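Working notes, beginning with the structure itself.
Counting convention: from 1, in listed order, for ligands and their atoms alike. Keep in mind the model is a prediction, meaning the values are calculated, not measured.
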Amino acid sequence: MLILKEHHLLKSSAIQRDLDAKMVDITYDSREVKSDALFFCKGDNFRPIYLTMAKDNGAITYVAEQPYPEGKGMNAFIVTNIQKAMALLSAAYFDYPQDDLFVIAFTGTKGKTTSAYFTKGILDITTKHKTALFSTIDRVLGPKPEQRFKSDLTTPESLDLFRDMRQAVDNGMTHLIMEVSSQAYLRNRVFGLTYDVGFFLNISPDHIGPNEHPNFDNYLHCKLQLLINSRKCVINAQTDHFDEIYGAAKATTNPDSIYLFAAADYQAPQDVEIDFRFESQEADLGTSKFIFTPVSTKAQVLGVKGDYQLSLIGDFNESNATAAIIAAAFAGADTEETQAGIVNVKIPGRMDSMTVPGHGVVYVDYAHNYVSMHALLSFLQREYKNPKLIVVVGSPGDKGVSRRPGFAKVLTEFAQEAFLTTDDPGFENPQSIAEQIDKDIDHSKVAVSIILDRHEAIKEAILASKPGDVVVLAAKGADAYQKVRGVDTPYETDLVVAKQVAAQLQK
Ligand SMILES: CC(=O)N[C@H]1[C@@H](OP(=O)(O)OP(=O)(O)OC[C@H]2O[C@@H](n3ccc(=O)[nH]c3=O)[C@H](O)[C@@H]2O)O[C@H](CO)[C@@H](O)[C@@H]1O[C@H](C)C(=O)N[C@@H](C)C(=O)N[C@H](CCC(=O)O)C(=O)O
Ligand SMILES: Nc1ncnc2c1ncn2[C@@H]1O[C@H](COP(=O)(O)OP(=O)(O)OP(=O)(O)O)[C@@H](O)[C@H]1O
């Protein structure tokens, strides 16, 4: 209660309390309540009947923004903001596990997962597999295979976050790499959490619409919170909105603890000193090679520099790799470890490729907004020397509405043929989403087909390709589901479907 009081979250009226009540668990899901638990009443879809269920299952205390008759007889803490209260109480309940971890956080519209995986590749060497990971793809809480779980969210709900951190510490982990989404700040999932090093990779319009951010300013504001909550800040100097981002870091962090990185040929504004540079040597279909150089005195103190090679192709990944090298260096990695740890990193659903005999080469990639599709398609266009580009893509329902015109624009700029299909339609009609993309495409440049069955769309795209063509299966990465009306409907993944098509064609 003191914690809530200290943070001015407690509404003094309407509190019933038994301060001696023992509490053996905390949860926000009535289905998981055990006896003597504390139950958080939270969420857009919260219904008072969940509190009844929680009480019936043995909850003795609830925390909510209003008193509920259903909670009669229970201890109640009525708070002004349930998300903040849950974050603070969860951190306390799990005994502040962040204090036992070196925490590295990445935010950015693109590149969070990639940078996080690169960093983990390195720190697995440095820390001898004592590095935990909270990523969009999975959560790694310990060195054993059974301590790896699939993620539901990029950044977990606060209670899950602190519980998993505690688990990681108990499993012997000493470091944690986490992706922090803007949504995590919007919904106070990381309220009160401070990172040892926080990275701002880039920002471009995305995640704006129902259930997400009301506008770009809000999106940027939420992302900036990561810098405000980091002991050391590292910023990609080439990001859009650099001035605002750098300004946010400077407002709360000593300039000695702010670091900037950029490509070797980037001309920074006069009053901006770049700390780390990366110089591309080769970025083709086989590999990426670049030189990483600490330029400023404070960057040189870290002692990491040299030639780097990546298996994960795509020129845009050199910037992600640079962020990872800096992150790992702050966590104690040396040059040799950063070189050895990054070279073999591959990420499910990022730049996966296969050739279909008699047809084109197929790429599966998670690019799912204008900027990432632009990065992906321009790379492939350059490397394959203006091939015919055939793209299969869909846009999710209920969120990221700005992606739809973004896809239309990028398809018009690069593709010769597009198959618009289904991608997590949620509660929207996938046909209508496809039509919204289609209406902004310049049909004099791109031949468009709407095929809602994603398997069929992939098959038609591959059939339409000839050797030398490039087929891009975009935006779904390695997702093994389609989110339809609140249900995760199993889906084989784009790569598996492409392999099935290739196998059928060879029969
Ligand atoms: C808008 C949003 O972020 N919503 C998230 C939020 O939901 P919520 O707090 O409103 O809770 P809710 O789902 O309405 O459920 C109501 C409550 O009733 C409880 N309940 C429900 C049923 C029952 O029988 N008993 C019971 O107690 C539930 O446990 C829950 O506490 O908290 C839930 C976890 O408790 C999340 O699953 C949910 O994410 C939704 C599914 C989502 O799609 N979020 C996206 C937008 C998101 O967060 N994305 C970002 C990535 C964005 C990026 O890439 O940058 C992310 O970090 O993943
Ligand atoms: N630095 C970058 N700039 C532009 N595009 C990028 C960059 N890094 C990755 N991409 C593209 O974006 C896709 C997603 O990358 P990644 O999963 O690392 O980003 P993310 O920030 O975790 O995305 P999300 O928040 O949507 O999960 C990649 O498959 C690639 O096509």
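No more than 12 heavy atoms of other residues, nucleotides or ligands shown are found within 6.0 angstrom of NZ on Lys499.
Residue Tyr50 holds the heavy atom nearest to atom 26 (C) of ligand 1 of all those in Tyr50, Tyr185, Phe46. Looking at Phe40, Tyr219, Tyr28 and measuring to atom 19 (C) of ligand 1, the nearest heavy atom belongs to Tyr28. For atom 45 (C) of ligand 1, the candidate residues are Asn45, Leu153, Asn211; the nearest heavy-atom contact is made by Leu153.
Between Gln183 and ligand 1, at least one pair of N/O atoms sits closer than 3.5 Å. Residue contacts with ligand 1: Ser182 is placed with no nitrogen or oxygen under 3.5 Å of a nitrogen or oxygen of the ligand (distance criterion only). Ligand 1 has an N or O atom lying under 3.5 Å from an N or O atom of Lys42, backbone or side chain. At under 3.5 Å, not a single nitrogen or oxygen of Thr154, backbone or side chain, sits near a nitrogen or oxygen of ligand 2. An N or O contact shorter than 3.5 Å links Thr155 to ligand 1 by distance. The shortest N or O to N or O distance between Lys399 and ligand 1 is not under 3.5 Å.
Contacts of Asp206 with ligand 2, taken as heavy-atom pairs under 4.0 Å, are absent altogether. With a 4.0 Å heavy-atom cut-off, ligand 2 is reached by no atom of Met351. At a heavy-atom distance under 4.0 Å, only side-chain atoms of Thr136, from C-beta outward, approach ligand 2. Residue Ala375 touches ligand 2 through its side chain alone, judged by heavy-atom distances below 4.0 Å. Within the 4.0 Å heavy-atom criterion, the part of His368 lying near ligand 2 is the side chain and not the backbone. The proximity of Phe134 to ligand 1, defined as any non-hydrogen pair under 4.0 Å, does not occur for either the backbone or the side chain.
You'll find the ring centres of Phe276 and Phe292 inside the 6.0 Å limit. Within the 6.0 Å centre-distance limit, the rings of Tyr308 and Phe290 are counted as a close aromatic pair.
Side-chain contact check for Tyr266 and Asn236: no donor-acceptor pair (N or O, by modelled atom type) lies under 3.5 Å. In the model, Asn75 has a side-chain atom that pairs as donor or acceptor with a side-chain atom of Thr61 under 3.5 Å.
Nearest to atom 22 (C) of ligand 1 among the protein's heavy atoms is Arg31 NH2, 3.2 Å. Protein heavy atom at the shortest distance from atom 27 (O) of ligand 2 is Tyr366 CE2, 3.4 Å. Counting protein heavy atoms only, atom 38 (C) of ligand 1 is closest to Arg189 NH2, 4.5 Å. Atom 7 (O) of ligand 1 has Arg187 NH2, 3.7 Å as its closest protein atom, hydrogens excluded (heavy atom only). The nearest heavy-atom contact from the protein to atom 17 (O) of ligand 2 is Arg350 NH2, 2.7 Å. Looking only at protein heavy atoms, the nearest one to atom 52 (C) of ligand 1 is His207 CE1, 3.5 Å. With respect to atom 57 (O) of ligand 1, the closest heavy atom belonging to the protein is Ser181 OG, 2.6 Å. Nearest protein heavy-atom contact of atom 56 (C) of ligand 1 is Thr154 N, 3.4 Å. At the shortest separation from atom 27 (O) of ligand 1 among protein heavy atoms lies Ser30 N, 2.8 Å. Among all protein heavy atoms, the one lying closest to atom 25 (O) of ligand 2 is Lys112 NZ, 2.6 Å. Of the protein's heavy atoms, Asp365 OD2, 3.4 Å lies nearest to atom 30 (C) of ligand 2.
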Listing, residues 80-88 side-chain donor-acceptor contacts under 3.5 Å, not counting sequence neighbours, or none:
{"residue": "Thr80", "atom": "OG1", "partner": "Leu9", "partner atom": "O", "Å": "3.4"}
{"residue": "Asn81", "atom": "OD1", "partner": "Gln83", "partner atom": "N", "Å": "3.0"}
{"residue": "Asn81", "atom": "OD1", "partner": "Lys84", "partner atom": "N", "Å": "2.9"}
{"residue": "Gln83", "atom": "OE1", "partner": "Asn188", "partner atom": "ND2", "Å": "3.3"}

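Using a 4.0 Å cut-off to heavy atoms of Asp29, the atoms of ligand 1 that qualify are 25 (N), 26 (C), 27 (O), 29 (O). Remark: ligand 2 atoms within the under-4.0 Å shell around heavy atoms of Asn320 are 1 (N), 7 (C), 8 (N), 9 (C). Close approach of ligand 2 to Glu179 is summarised as follows: ligand atoms under 4.0 Å from at least one heavy atom of the residue are 22 (O).
Side-chain atoms of Glu428 come within 3.5 Å of backbone N or O of Asp398 as a donor-acceptor pair.
Taking the six-membered ring where the residue is Trp, Phe106 and Phe199 present tilted rings, their angle falling between 30° and 60°. Ring orientation note: the planes of Phe379 and Phe316 are nearly perpendicular, at an angle over 60° on the 30°/60° scale.
Residues Leu161 and Met178 are in side-chain contact: their nearest non-hydrogen atoms beyond the backbone lie under 4.5 Å apart.
Across all their heavy atoms, Lys110 and Asn320 have their closest contact at O-OD1, 4.5 Å.
Note on ligand 2: Thr109 sits in its first shell, one or more heavy atoms being nearer than 4.0 Å.
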